[in-house]
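Basis for what follows: all heavy atoms, side chains included, without hydrogens, waters or symmetry-related copies.
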Amino acid sequence: MDLGEKLIRKSTLTEKEFAELLGQYQDEGLRKRLAEEALRIRRLYYGNDVYIRGLIEFTNICKNNCLYCGIRNGNPHVSRYRLTGEEILSCCEKGYGLGYRTFVLQGGEDGFFTDERLTGLVAAIRGKFPDCAITLSVGERSYESYRRLREAGADRYLLRHETADEGLYGKLHPAGMSLANRKRCLYDLKRLGYQVGAGFMVGAPGQTMEHLAKDLKFLEELQPEMVGIGPFIPHHDTQFAKEPAGSVELTLFLLSVIRILLPPVLLPATTALGTMDPLGREKGMLAGANVVMPNLSPEKNRKQYELYDNKICTDGEAKESSSLMRRMEAAGFRVVSARGDFRSEGKR
């Protein structure tokens, strides 16, 4: 039995076998077979529904100095901003009127947003939009902080692990940041009942198929409700400015593998994928994804939240996502106005 068939039949692959499977990603027949199986599983759980998440990038101030990131603390060329509570609620109001029922508050690790301020903000959104899901993506915090945010009304939390290999993690992050603490945060979030999102970059500097195989084994162990992956894209103000970008084809292959590995997972076709390929998000859907995250941030701030070069969603992308919705529907999918929660069982 070949490795693709072994994966499809739900046999456990070893780390070595995952690395070998990923090394075959350019095999057109294998790509097609895994994508077809990923689509079959996606439809079993979510039909042809595409869930839209309203992304609000509310601060680009960050205490960390992750070596690949355009808004890292050590980049003096960033024009910093921080949205007010009123501005964030205004973004939610706009999104709600457009049919969004999930808001994703994403930002750098900004010390201004203490537990008191952030729980107050979450509670205000929860009070005003009780039928909506609130997702946070604000980095590493303490168990107590996560607990307070959960009690204030947060439903989901996105925290990419970036890489499950300690050596590679150390090459991508400054001293003081550790894979052990990142994993601690993810397991804390799971214990607190969040729908948890992990994920990684594809094609990060120094990354090998063996590193990616470790990522897949970690996801298999963690069993997250969401997984966000996208190709690495260099930023001109980082030490990786001249590194090659990650592969769209390998990213699509991994989306199919992850869908088969974690059948009910909520799987975005990410902005990075759409940045690398004009049809990247449609291709992501055809590889097994079922989530897109259009930008609800104020237009004047979108260019300032530049994690990597040439990021889309900076110039009124899709005019509040209507163009993106049409494109998803043209690809055979149905954009729905729903919270789009994780489903542990297939559609009935």
Side-chain angles (χ1 to χ4, degrees), residues 4 7-8 21-53 55 158 160 197 199-204 207 209 212 215-216 219 226-234 244-295 307-314 317-318 321-336 340:
L7 178 67
I8 287 170
L21 176 67
L22 296 177
Q24 300 171 32
Y25 79 93
Q26 291 178 314
D27 181 323
E28 188 176 345
L30 177 62
R31 282 204 313 265
K32 185 172 184 289
R33 194 156 92 254
L34 293 189
E36 286 173 351
E37 177 63 10
L39 268 179
R40 185 192 72 78
I41 294 170
R42 175 205 196 282
R43 290 190 177 113
L44 177 66
Y45 283 86
Y46 299 104
N48 284 324
D49 291 352
V50 172
Y51 299 125
I52 51 172
R53 318 300 202 195
L55 181 63
L158 306 179
R160 285 189 177 189
F200 52 89
M201 294 179 290
V202 179
Q207 186 185 70
M209 296 302 179
L212 289 169
D215 288 317
L216 293 174
L219 292 176
M226 302 170 282
V227 174
I229 67 169
F232 164 75
I233 304 174
S247 163
V248 169
E249 289 74 21
L250 179 55
T251 303
L252 295 170
F253 188 80
L254 277 158
L255 285 173
S256 295
V257 169
I258 291 167
R259 172 62 69 198
I260 298 167
L261 184 67
L262 304 171
V265 75
L266 293 161
L267 197 58
T270 59
T271 302
L273 192 56
T275 297
M276 286 286 293
D277 183 330
L279 297 175
R281 286 179 289 190
E282 290 93 326
K283 291 178 180 178
M285 292 295 148
L286 293 168
N290 67 324
V291 172
V292 287
M293 297 171 63
N295 203 326
L307 305 181
Y308 46 81
D309 285 348
N310 304 313
K311 178 185 167 192
I312 57 173
C313 306
T314 55
E317 183 264 350
S321 79
S322 60
S323 171
L324 180 60
M325 291 181 193
R326 288 194 299 272
R327 287 163 51 195
M328 289 294 110
E329 288 165 357
F333 300 97
R334 185 173 72 104
V335 177
V336 296

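The distance from the OH atom of Y45 to the CG atom of L267 is 14.0 Å, given to the nearest 0.5 Å. Once rounded to the nearest 0.5 Å, the distance linking CG of L266 with OH of Y46 reads 4.0 Å. Rounding to the nearest 0.5 Å gives a distance of 10.5 Å between OG1 of T270 and CE of M276. Atom CZ of R327 is separated from atom CD of E282 by 4.0 Å, given to the nearest 0.5 angstrom. To the nearest 0.5 Å, the span separating CD on E249 from CG on D277 amounts to 8.0 Å. Rounded to the nearest 0.5 angstrom, M209 CE and Q24 CD are separated by 10.5 Å.
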Note to self: One pair to check against side chain to side chain contact (heavy atoms under 4.5 Å, CB included): L22 and L216. What are the steps and the verdict?
What the structure shows: CA-CA 11 Å; L22 296 177; L216 293 174; 4.0 Å; yes
Notebook entry, point to check: Can you list the steps and then say if T251 with I229 is a side chain to side chain contact (heavy atoms under 4.5 Å, CB included)?
Noted result: CA-CA 7 Å; T251 303; I229 67 169; 4.1 Å; yes
Notebook entry, point to check: Please walk me through it: do L286 and F333 pass side chain to side chain contact (heavy atoms under 4.5 Å, CB included)?
Noted result: CA-CA 9 Å; L286 293 168; F333 300 97; 3.9 Å; yes
Note to self: The test is side chain to side chain contact (heavy atoms under 4.5 Å, CB included); show your working for V257 and Y25 and say whether it passes.
What the structure shows: CA-CA 10 Å; V257 169; Y25 79 93; over 6 Å; no
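Looking only at side-chain heavy atoms (C-beta outward), E36 and K32 come within less than 4.5 Å of each other. Side-chain contact between L219 and V265 is absent, with no heavy atoms from C-beta onward closer than 4.5 Å. Within the 4.5 Å cutoff, the side chain of L273 has heavy atoms near those of the V248 side chain. Side-chain contact between M285 and V292 is present, with at least one heavy-atom pair separated by less than 4.5 Å. The shortest side-chain heavy-atom distance between M293 and T271 does not fall under the 4.5 Å cut-off. By the 4.5 Å heavy-atom criterion applied to side chains, V227 and L255 are not counted as neighbours.
Every residue two or more places apart in sequence or in another chain that forms a side chain to side chain contact (heavy atoms under 4.5 Å, CB included) with R33 is listed here: D2, E5, I8, L30. Applying the side chain to side chain donor-acceptor pair (under 3.5 Å) criterion to E37, with sequence neighbours excluded, gives R40. Partners of A35 according to the side chain to side chain contact (heavy atoms under 4.5 Å, CB included) rule, which considers only residues two or more places apart in sequence or in another chain, are S256.
Although no hydrogens or angles enter the test, the distance criterion places no donor-acceptor pair under 3.5 Å between the side chain of R334 and the main chain of G47. Of the possible polar contacts, one joining the R160 side chain to the G228 backbone as a donor-acceptor pair under 3.5 Å is found. Side-chain atoms of R42 come within 3.5 Å of backbone N or O of D49 as a donor-acceptor pair. Side-chain atoms of Q207 never come within 3.5 Å of backbone atoms of G246 as a donor-acceptor pair (strictly under, hydrogens ignored).
The heavy-atom pair separating P268 from A289 by the smallest distance is C-CB, 3.9 Å. Nearest heavy atoms, G230 versus A272: CA-CB, 4.4 Å. Considering all non-hydrogen atoms of both residues, A38 and A287 come closest at CB-O, 3.3 Å. The two residues G4 and L21 come nearest to each other via the heavy atoms N-CD1, 3.8 Å.
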